Student: 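There's a structure below that I have some questions on.
Here the structure is a predicted model, which means the values were calculated and not measured.
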Amino acid sequence: MKATQAERVLGYIERFGSITQYEALQDLGVMRLASRISDLKKQGFPIVSETVGVKNRFEETCYVKRYSLAGGEGK
């Protein structure tokens, strides 16, 4: 049986420690990360988020959410 998007997101977080929208799109093909995170939270997974600054292609700082499991180590 094929993994759901939420399962792929959870697996990514468990493997790499955290995930951003860009990583979800590039690595998993998930367009609506916040919705998948909401699904996982409803299933009882202790997911937390932090706002982090990243540089875009123009070297401007943009702010994105980085999601990880509570108590886990993000990257």
Student: Taking only distance into account, with no hydrogens and no angle test, what donor-acceptor pairs under 3.5 Å do side-chain atoms of residues 27-36 form with protein atoms, sequence neighbours excluded?
Tutor:
residue : atom : partner : partner atom : Å
Asp27   : OD2  : Tyr12   : OH           : 2.8
Arg32   : NH2  : Ser35   : OG           : 2.9
Arg36   : NE   : Asp39   : OD2          : 3.0
Arg36   : NH2  : Asp39   : OD2          : 3.1

Student: Looking only at non-hydrogen atoms, find the nearest pair between Val48 and Ala70 and report the distance.
Tutor: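 Scanning both residues, the minimum pair turns out to be CG1-CB, 3.9 Å.
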Student: Quick one: are Ile19 and Ile47 in side-chain contact, heavy atoms under 4.5 Å?
Tutor: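 Side-chain contact under 4.5 Å: no.
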Student: If you look at every heavy atom in Ser68 and Gly17, which pair is closest and at what distance?
Tutor: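 Nearest pair, atom of Ser68 first, then Gly17: CB-O, 3.2 Å.
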Student: My understanding is that only residues two or more places apart in sequence, or in another chain, count here; which of them pass side chain to side chain donor-acceptor pair (under 3.5 Å) with Thr51?
Tutor: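 Scan of Thr51 (side chain to side chain donor-acceptor pair (under 3.5 Å), adjacent residues dropped) gives none.
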Student: How would you list all residue pairs meeting salt bridge (Lys or Arg N to Asp or Glu O under 4.0 Å) that involve residues 4-16, not counting sequence neighbours?
Tutor: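 Output for this query is empty, none listed.
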Student: Taking only distance into account, with no hydrogens and no angle test, what donor-acceptor pairs under 3.5 Å do side-chain atoms of residues 57-64 form with protein atoms, sequence neighbours excluded?
Tutor:
residue : atom : partner : partner atom : Å
Glu60   : OE1  : Asn56   : ND2          : 2.9
Thr61   : OG1  : Lys55   : NZ           : 3.2

Student: If the condition is side-chain contact (heavy atoms from CB on, under 4.5 Å), which residues does Ser49 pass it with, not counting sequence neighbours?
Tutor: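 Partners of Ser49 by the side-chain contact (heavy atoms from CB on, under 4.5 Å) criterion, ordered by chain and then number, come out as Lys65, Tyr67.
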Student: So how far is it from Gln26 CD to Gln21 CD, rounded to the nearest 0.5 Å?
Tutor: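 If I round to the nearest 0.5 Å, the distance is 10.5 Å.
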Student: Nearest 0.5 angstrom please: Thr20 OG1 to Glu50 CD, how far?
Tutor: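 Reported to 0.5 Å precision, the distance equals 11.0 Å.
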Student: Are Phe16 and Ile13 connected, step by step, through hydrophobic side chains (Ile, Leu, Val, Met, Phe, Trp, Tyr) whose heavy atoms are closer than 4.5 Å?
Tutor: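 Yes: a chain of side-chain contacts under 4.5 Å links Phe16 to Ile13.
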